[in-house]
Amino acid sequence: MPAPAYLDHAATSPIRPEVAELLAPYFTGDRWGNPSSAHAFGRPAKVALEQARRELALALGCEPAHVYFTSGGTEADNLAVIGAALAARRDGRRMRVAVSAIEHKAVLEAAHAVAALGGEQAVLPVHGDGTLDLDALDRELAERPACVSVMWVNNETGVVQDVPELARRCAAAGVTFHTDGVQAIGKGRVLLRELAGGVLCTVSGHKLGAPKGCGALVVPKRSAIAPLQHGGGQQAGVRPGTENVAFAAALARAVTLAVVEQEAEAARCAALRDALEARLRAAVPELVVPGAGAPRAPHVLNVCVPGVEGAVVLLHLDLLGVCASGGSACSTGTAEPSHVLRAMGVAPEVALGAVRLSVGHGTTMADVERCAEAFPVAVARARQLAEALARG
């Protein structure tokens, strides 16, 4: 049996060999010390940590002092949204946050947490193609929220938001803007210095070939957020706690590799994605592709098959040697339509048939061909099950 075709890179990607090789000295070499220690074991760790900070900043186009390492994207999203609300309360301002309706649950639940703390949350609608309603954004900016959070690339549909324009509008209104850049970095141009107003940006490593459990939040203005954790004062007190030096280095290297390769890799992935989309449309004519009319990142393809459950299609794809997901990996196993697709106005009976296919480093045309062959078979089997259940 050939190895499965892995088309779930938007959920996680395999660790790149260059990153795995980089990690070894942090476990068996001379960099395992505590970077806060001034002795002979701590100094190499401190040097490595600051080198990772500089490397990541260079790749993202920001200042090293603006980089705060976290345990991943979820923590960084929480730190941005809740931290901005707490900073507003500290400064006597309105404790209100606004997030788009298609955000990752890490942002949506953070907004709910702000409301539970006595603040306010607003949800910004999107158009049918998944792009943000800019008129709704302008109305919200008049309310002077502490923070607006809109993800750069949607993790379920791949739809790209006009982040430079969103940042410009928020900066003009004097409002902190945060973007979850997890699915954007390495897939398109991300140079934070080009954005207006000092944008907060979330970074995660395991979508790019680093281990799970490493991420960062870029914070150009320290006063924009208040810390969620309290302790020894590491990382200027924004994110205290002994730093995971090995994973910081891995994150920096993975992001650097992705940025260096971005132009060529984006073109390669887009060609694979487009070939797969064309073949699936030909095989399943009733297929719906949410966000197809909007700018999309090159690596994500969301397809919906009306009348079947995506979870059943995924089960049969797995049996046929194709690994995919039903959208956000953090919400798989639910029987409800995706909140992203609902916000886009996709009918529930269509949204329930959603399958996300995502390509990445290592994906080949052979993987695409295998999926194209397996997908209509999986759909046919899912329909047979649906018909049998309907007959009782």
Members besides [X] in its Ile/Leu/Val/Met/Phe/Trp/Tyr cluster (side-chain heavy atoms under 4.5 Å):
X: Leu385; value: Val312, Leu389
X: Val97; value: Tyr68, Leu79, Val81, Ile82, Leu86, Met95, Val99, Val107, Leu108, Val114, Leu117, Leu200, Leu217, Val219, Ile225, Leu228, Val238
X: Val377; value: Leu320

So how far is it from [X] [atom1] to [Y] [atom2], rounded to the nearest 0.5 Å?
X: Ile15; Y: Glu21; atom1: CD1; atom2: CD; value: 13.5 Å
X: Glu63; Y: Leu58; atom1: CD; atom2: CG; value: 10.5 Å
X: Leu60; Y: Arg193; atom1: CG; atom2: CZ; value: 10.0 Å
X: Thr157; Y: Leu301; atom1: OG1; atom2: CG; value: 10.5 Å
X: Met344; Y: Ser338; atom1: CE; atom2: OG; value: 9.0 Å

Over all atoms of both residues, closest heavy-atom pair of [X] and [Y]:
X: Pro211; Y: Val19; value: CD-CG1, 4.2 Å
X: Pro145; Y: Val175; value: O-CG1, 3.5 Å
X: Cys371; Y: Leu280; value: O-CD2, 4.4 Å
X: Pro35; Y: Thr242; value: CD-CG2, 4.4 Å
X: Leu357; Y: Ala324; value: CD2-CB, 3.5 Å

>> Once ring pair (Phe, Tyr, Trp, His ring centres under 6.0 Å) is applied, do any residues pair with His299, and if so which ones, sequence neighbours excluded?
In response: none

> With sequence neighbours left out, what residues match Tyr6 under ring pair (Phe, Tyr, Trp, His ring centres under 6.0 Å)?
Replying inline: His9

>> I need the full list of side chain to side chain donor-acceptor pair (under 3.5 Å) pairs touching residues 211-238, with sequence neighbours left out, sorted by first then second residue.
In response: Arg53-Gln235

>> Listing request: all side chain to side chain donor-acceptor pair (under 3.5 Å) pairs with a residue in residues 110-134, at least two apart in sequence or in separate chains.
In response: Arg94-Glu120, Arg96-Glu120, His112-Gln121, Asp129-Thr131

Using modelled atom types and a 3.5 Å cut-off, is there a donor and acceptor pairing between side-chain atoms of [X] and backbone atoms of [Y]?
X: Ser13; Y: Leu208; value: yes
X: Thr179; Y: Gly181; value: no
X: Asp180; Y: His104; value: no
X: His339; Y: Glu103; value: yes
X: Asp367; Y: Thr364; value: yes
X: Arg356; Y: Gly158; value: no
X: Lys207; Y: Ala11; value: yes
X: Asn302; Y: Glu156; value: yes
X: Arg273; Y: Ala297; value: yes

> What about Val350 and Val355, same hydrophobic cluster or not, with Ile/Leu/Val/Met/Phe/Trp/Tyr joined at side-chain heavy-atom distances under 4.5 Å?
Replying inline: no

Under the salt bridge (charged side-chain N to carboxylate O under 4.0 Å, His left out) test, which residues partner [X], sequence neighbours left out?
X: Arg16; answer: Glu18, Glu261
X: Arg169; answer: Asp138, Glu165
X: Asp91; answer: Arg93
X: Glu309; answer: none

For residues 247-255, tabulate all N or O donor-acceptor pairs below 3.5 Å that involve a side-chain atom, not counting sequence neighbours.
from: Arg253; atom 1: NE; to: Glu55; atom 2: OE2; distance (Å): 2.8
from: Arg253; atom 1: NH2; to: Glu55; atom 2: OE1; distance (Å): 3.4

> Can you check side-chain hydrogen bond (donor to acceptor under 3.5 Å, both in side chains) on Gln51 and Arg54, steps first, answer last?
Replying inline: CA-CA 5 Å; Gln51 174 56 37; Arg54 289 192 297 271; 3.0 Å; yes

>> Under a 3.5 Å cutoff, is there a donor and acceptor pairing between the side chains of Asp77 and Thr74?
In response: no

>> Check this for me: Glu349, atom CD, are more than 12 non-hydrogen atoms of other residues, nucleotides or ligands nearer than 6.0 Å?
In response: yes

>> Just to verify, which of Tyr26, Phe41, Phe27 counts as forming a ring pair (Phe, Tyr, Trp, His ring centres under 6.0 Å) with Trp32?
In response: Phe41

>> If you apply the rule side-chain contact (heavy atoms from CB on, under 4.5 Å), what do you find for Val148 with Leu124, and how did you get there?
In response: CA-CA 9 Å; Val148 168; Leu124 303 174; 4.2 Å; yes

